[in-house]
Student: 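This structure is in structure tokens; I'll ask about it shortly.
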Amino acid sequence: MSKEIITTISPITGQSLLTREGVTTEDFSSIVEKSSYAFSTFRYTHPLKRRQEIVKKALEILSNKSNLLAKELTEQMGRPIAYTGSELSTAKMRAEYLLKVSDEVLKDLPGEEQEGFRRFIRKEPLGVILVIFAWNYPYLILINSLVPAILAGNTLLLKPSPQTPTVAEHIVSIFTEAGLPENVLQTVHCGNPKTLESFVSHPGISSIAFTGSVSGGIAVQKAAASRVIPIGLELGGKDPAYVRPDVNLAWAAENIVDGAIFNSGQSCCSIERVYVHESVHDDFLREVVKVLEGYKLGDPLDKSTQIGPVVSARSAKTISEHIKDAEDKGAINLTPRLVFAEGVRLGETFVRPELLAECDHSMRIMTEETFGPTIPVMKVSSDEEAIKLMNDSQFGLTASIWTKDTETGEKLVERVEAGTVFVNRCDYPSPDLAWTGWKDSGRGVTLSKFGFEAFVRLKSFHLKDCPELDK
């Protein structure tokens with residue numbers, strides 16, 4: 001069987017950046033066999049304390065290489081160089097939290113005391129974990145699964161996006177340098193959906209952690225349907241924000257714009273729709289325009305650039321289609337276009353931020369995941385209307401409410417159907433809180449103390465003293 005050649009296309013130039021050979025189904029069986037053998041020894045020869053030491057060392061190495069890795073990330077997925085370094089530092093911070101809680105989370109849980117008996121529950125590793133992760137925040141996404149899975153004693157196969165293939169390679173190299181035994185981590189390149197389905201259904205895989213689109217997550221579910229294994233799915237979002245009339249509009253506009261267009265809006269938890277109380281609606285739009293006028297769209301390797309290209313021409317086409325559909329249905333485009341004119345001329349992937357007013361739920365831009373730097377705004381007359389519209393979605397990842405009255409804000413977010421809710425903040429998965437999607441946004445949990453549960457299974461120990469019998 002001929003090898004699949006996977007080509008990474010630069011979002012900056014539109015040209016081929018690098019290539020990798022894809023793994024065949026025959027190769028994959030051999031890789032799984034090596035991982036299974038590594039698991040059979042690693043879980044016993046490397047107790048938790050040793051695993052912790054390796055992870056700590058790996059984080060040091062990661063930090064030392066951050067400038068190199070950040071530049072490479074900019075070249076492969078287009079985020080401005082001014083910001084890619086922060087992904088590496090945030091990944092380290094998340095990992096350090098998971099390290100900190102690992103002793104408590106992975107310790108044995110005692111049963112009820114009873115004379116003559118000893119009972120406890122142990123958290124055992126699963127085996128070979130297949131981690132399929134996306135390109136938009138590849139180090140952050142990977143850390144969410146990698147660290148708890150390794151600390152729990154599993155072995156992992158890392159399947160990166162074809163857009164950022166070197167991320168998995170670097171992580172394997174870094175952890176090997178830190179002392180991780182051979183084949184505990186391996187890289188698996190694949191760009192063919194049918195081949196990937198065969199990986200997912202392989203009998204040697206004990207669990208799957210997938211981050212990507214809803215359609216991709218459903219495909220993974222279907223491919224694994226004949227097997228009884230845990231599958232974690234972190235999928236899309238259409239995250240809403242609601243601006244109440246009491247908030248400082250300039251401050252809210254600055255934060256909401258950042259939450260909507262940072263990383264060119266290419267985040268599952270970006271703000272993708274904004275509801276504004278009618279009494280401050282027009283003033284809020286004026287403040288958003290002011291904020292946008294201070295942004296620069298341009299070459300992501302220029303440290304003064306705040307917005308780079310979107311990841312591909314296909315992505316740019318989807319964003320354009322959503323904008324056209326909204327405008328055709330009555331949306332008003334308030335984008336300060338001259339500000340971004342120079343950046344747009346750099347190429348078709350250099351998509352300017354778009355501010356659209358008079359939006360409603362008949363428009364794709366208010367209901368489908370756009371994954372671009374768009375700010376569609378809809379006027380509402382009350383808190384009740386805002387909450388109803390925020391919940392009118394197939395997605396439920398995050399949501400935010402912006403208000404001076406944080407007590408009322410808390411009461412309102414209690415009614416929002418989303419895995420993470422914010423008051424006066426957005427677009428921030430906190431490592432001590434569960435990162436989980438409701439509805440079509442996913443299934444399972446990463447981060448927090450609950451983030452280990454996807455990578456362990458419970459084993460109950462029931463031990464009874466042997467009685468002294470008369471001879």
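Throughout, residue positions are numbered sequentially from 1 according to the sequence presented. Keep in mind it's a predicted model, so treat the numbers as computed, not measured.
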Student: Looking only at side chains, do N136 and Q266 share a donor and an acceptor under 3.5 Å apart?
Tutor: no
Student: Regarding H189 and E169, do their side chains bring together a donor and an acceptor under 3.5 Å, going by distance alone?
Tutor: yes
Student: Would you compute the distance between atom OG of S393 and atom CD of E272 and round it to the nearest 0.5 angstrom?
Tutor: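 Here the rounded value is 9.5 Å.
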Student: Examine the side chains of S10 and E75 and answer whether a donor and an acceptor come within less than 3.5 Å of each other.
Tutor: no
Student: Does either side chain, that of T8 or that of Q163, offer a donor lying less than 3.5 Å from an acceptor on the other one?
Tutor: no
Student: For the pair T164 (side chain) and V167 (backbone), establish whether a donor and an acceptor sit closer than 3.5 Å, ignoring hydrogens and angles.
Tutor: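 Not a single qualifying donor-acceptor pair exists.
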Student: Any chance you could measure E60, atom CD, to K65, atom NZ, to the nearest 0.5 Å?
Tutor: 13.5 Å
Student: Side-chain donor-acceptor pair under 3.5 Å between T370 and H322, yes or no?
Tutor: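 Yes, side-chain donor-acceptor contact under 3.5 Å.
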Student: Establish, from distance only, whether the side-chain atoms of S35 and T155 form a donor-acceptor pair under 3.5 Å.
Tutor: yes
Student: Should we say atom CD of E96 is surrounded by more than 12 heavy atoms from elsewhere, each under 6.0 Å from it?
Tutor: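 Yes.
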Student: Do other residues, nucleotides or ligands put more than 12 heavy atoms under 6.0 Å from the CZ atom of F450?
Tutor: no
Student: Hey, does the side chain of N144 reach the backbone of T446 with a donor-acceptor pair shorter than 3.5 angstrom?
Tutor: no
Student: Taking atom types as modelled, is there a side-chain donor on W435 or E234 under 3.5 Å from an acceptor on the other?
Tutor: yes
Student: Kindly check if the number of other-residue, nucleotide or ligand heavy atoms within 6.0 Å of CD (E321) is above 12?
Tutor: yes
Student: Between Y83 and F262, is the gap from one ring center to the other below 6.0 Å?
Tutor: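 Between Y83 and F262, the centre distance is under 6.0 Å.
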Student: Give a yes-or-no answer on whether the side chains of T398 and D239 include a donor-acceptor pair shorter than 3.5 Å.
Tutor: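 Per modelled atom types, T398 and D239 side chains form a pair under 3.5 Å.
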Student: Classify the angle between the aromatic ring planes of F371 and W135 as parallel (below 30°), tilted (30 to 60°) or perpendicular (above 60°).
Tutor: perpendicular
Student: Any donor-acceptor pair under 3.5 Å linking the side-chain atoms of E4 with those of T195?
Tutor: no
Student: Would you confirm whether D325, through its side chain, and R364, through its main-chain N or O, come within 3.5 Å as a donor-acceptor pair?
Tutor: yes
Student: Does K329, at its NZ atom, have more than 12 non-hydrogen atoms belonging to other residues, nucleotides or ligands within less than 6.0 Å?
Tutor: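 Yes, enclosed.
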Student: Going by atom types alone, do W438 and T436 pair a side-chain donor with an acceptor below 3.5 Å?
Tutor: no
Student: Going by atom types only, do T305 and D299 share a side-chain donor-acceptor pair under 3.5 Å?
Tutor: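 No, because no side-chain N or O of T305 sits under 3.5 Å from a partner of the opposite role on D299.
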Student: Under 3.5 Å, is there a donor-acceptor pair linking the side chains of T7 and S16?
Tutor: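 No donor-acceptor contact under 3.5 Å links the two side chains.
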Student: Are Y275 and Y242 an aromatic pair, judged by ring center distance below 6.0 Å?
Tutor: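 Aromatic pair excluded; centres sit 6.0 Å or further apart.
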Student: Looking at K238 and E368, is any side-chain nitrogen of the basic one under 4.0 Å from a carboxylate oxygen of the acidic one?
Tutor: no
Student: Just how far is it from atom CG of L356 to atom CG of N333, taken to the nearest 0.5 Å?
Tutor: 5.0 Å
Student: Between side-chain atoms of residues 211-224 and protein atoms elsewhere (two or more places apart, or another chain), which donor-acceptor pairs fall under 3.5 Å?
Tutor:
residue, atom, partner, partner atom, Å
S213, OG, S215, OG, 3.1
S213, OG, G216, N, 3.0
Q221, OE1, R443, NH1, 2.6
Q221, OE1, R443, NH2, 3.3

Student: Pairing donors with acceptors under 3.5 angstrom, does anything connect the side chains of S362 and D360?
Tutor: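 The answer is yes; a qualifying pair exists.
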Student: Do I256 and V274 make a side-chain contact, defined as non-hydrogen atoms from C-beta onward lying under 4.5 Å apart?
Tutor: yes
Student: Rounded to the nearest 0.5 Å, what's the gap from CG on L68 to CG on L73? Could you check?
Tutor: 11.0 Å
